[in-house]
Amino acid sequence: MSPNGPDIEPTAPAEKPVFAAELFPHRSLTPGGFAVLMGFFAAICAANAVFYFALGAWPVAIFMIVDVLILYAAIRFSFRAGRAREQVTVTRSDVHIRKIAPNGRRQDHHYNPFWARFHVDRHREIGITAMRLTGEGRATTIGAFLNPDDRESFATAFSQALATARR
């Protein structure tokens, strides 16, 4: 320790990434589309509820309201699941995979690119069904929520990045 305080070594500048990608699930329904869908569905259910209530079948009217609430909850859960993310970064000395759950919880996985092995499971008709990185006695799945086409393009780019990092 020096007289001016603890000795602090300067930190090394961060390595330039060979590859960086952020993976997230595809959502075809936008918030505006959600509002239109719910408005349309609620209007149809409300019209049916009024009709059945007028006929004296009031329990059917209650179930129509419950249908709207169930659809609303299901789509909200789908939107919540859509907040999941995976950040994949490859440098010459590290493969970093950060998984961010829909609730914001983060889980970091680090691998040495020289020891890491990228495994791709393929189905003859579907294409890539699963991807995982293994090494040092551990395994981490990557892009489980991606569609087959996105898995294919990611697998190609990630494989090339690993090969580049090893050179």
Side-chain angles (χ1 to χ4, degrees), residues 8-42 45 63 65-167:
I8 300 174
E9 293 184 31
T11 57
E15 286 186 79
K16 182 179 178 190
V18 174
F19 175 81
E22 183 171 12
L23 309 176
F24 51 91
H26 174 71
R27 291 292 179 251
S28 58
L29 186 62
T30 64
F34 171 67
V36 170
L37 174 71
M38 285 307 300
F40 182 72
F41 188 71
C45 286
F63 283 113
I65 294 169
V66 171
D67 285 347
V68 172
L69 295 175
I70 289 172
L71 179 65
Y72 176 82
I75 294 175
R76 294 304 298 172
F77 283 131
S78 175
F79 278 153
R80 184 177 186 279
R83 292 192 307 231
R85 298 275 183 273
E86 290 181 7
Q87 298 168 342
V88 181
T89 307
V90 178
T91 64
R92 294 204 180 274
S93 63
D94 185 41
V95 177
H96 179 212
I97 301 168
R98 173 176 281 165
K99 294 180 171 240
I100 304 170
N103 64 2
R105 189 176 62 101
R106 295 173 186 221
Q107 190 176 27
D108 291 317
H109 305 274
H110 292 274
Y111 291 90
N112 182 327
F114 295 99
W115 293 99
R117 297 293 172 253
F118 184 53
H119 300 278
V120 176
D121 297 336
R122 291 185 186 273
H123 185 273
R124 191 169 19 107
E125 296 171 0
I126 300 171
I128 296 177
T129 57
M131 299 179 291
R132 67 189 174 285
L133 192 64
T134 61
E136 304 165 19
R138 307 177 279 130
T140 304
T141 60
I142 303 173
F145 47 71
L146 295 176
N147 63 49
D149 292 336
D150 289 342
R151 285 183 188 147
E152 195 70 50
S153 64
F154 175 80
T156 302
F158 186 70
S159 295
Q160 290 173 351
L162 268 179
T164 301
R166 290 176 182 150
R167 281 189 225 136

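Values in this document were obtained by computation on a predicted structure and should not be read as measured data. Atom set for the values below is all heavy atoms of this structure, side chains included, hydrogens, waters and symmetry mates excluded.
- Rounding to the nearest 0.5 Å gives a distance of 7.5 Å between CD of Glu86 and CG of Leu146.
- Heavy atoms only, all atoms of each residue included: Ala165 and Phe114 are closest at O-CZ, 3.8 Å.
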Validation: residues 127-137 side-chain donor-acceptor distances under 3.5 Å, sequence neighbours left out:
residue : atom : partner : partner atom : Å
Thr129  : OG1  : Asp121  : O            : 3.2
Arg132  : NH1  : Asp121  : OD1          : 3.3
Arg132  : NH1  : Asp121  : OD2          : 3.1
Thr134  : OG1  : Arg117  : O            : 3.4
Thr134  : OG1  : His119  : NE2          : 2.8
Glu136  : OE1  : Arg138  : NH2          : 3.0
Glu136  : OE2  : Asn112  : N            : 3.3

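- Closest approach of Thr89 to Pro17, counting heavy atoms only: CG2-CB, 3.9 Å.
- In this structure the side chain of Phe19 never reaches within 4.5 angstrom of the side chain of Thr164, judged on heavy atoms.
- Atom CZ of Phe24 has 12 or fewer heavy atoms from other residues, nucleotides or ligands within 6.0 Å.
- Across all their heavy atoms, Phe41 and Leu71 have their closest contact at CD2-CD2, 3.4 Å.
- Of all heavy-atom pairs between Leu29 and Phe34, the closest is CD1-N, 3.6 Å.
- Considering all non-hydrogen atoms of both residues, Asp94 and His110 come closest at OD2-ND1, 2.9 Å.
- The two residues Phe118 and Ser159 come nearest to each other via the heavy atoms CD2-OG, 3.4 Å.
- One distance of note links CD1 of Ile100 with CD of Gln87; it measures 4.0 Å at 0.5 Å rounding.
- Among residue pairs with one or both ends in residues 150-167, those qualifying as salt bridge (Lys or Arg N to Asp or Glu O under 4.0 Å) are Arg122-Glu152; sequence neighbours excluded.
- Using a 4.5 Å heavy-atom threshold, the side chains of Met38 and Val68 count as touching.
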Handout entry: Verdict with supporting geometry, Arg92 and Glu15, salt bridge (Lys or Arg N to Asp or Glu O under 4.0 Å)
Key = CA-CA 8 Å; Arg92 294 204 180 274; Glu15 286 186 79; over 6 Å; no
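- Ile97 contributes atom CD1, which lies 5.5 Å from atom CZ of Phe158 (distance to the nearest 0.5 angstrom).
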Throw together a table of side-chain donor-acceptor distances under 3.5 angstrom for residues 72-84, partners on residues two or more places apart or in other chains.
residue : atom : partner : partner atom : Å
Arg83   : NE   : Pro102  : O            : 3.4
Arg83   : NH2  : Pro102  : O            : 3.4

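- No donor-acceptor pair under 3.5 Å is formed between the side chain of Gln107 and the backbone N or O of Lys99.
- Considering CG of Leu23 and CZ of Phe154, their distance stands at 5.0 Å, rounded to 0.5 Å.
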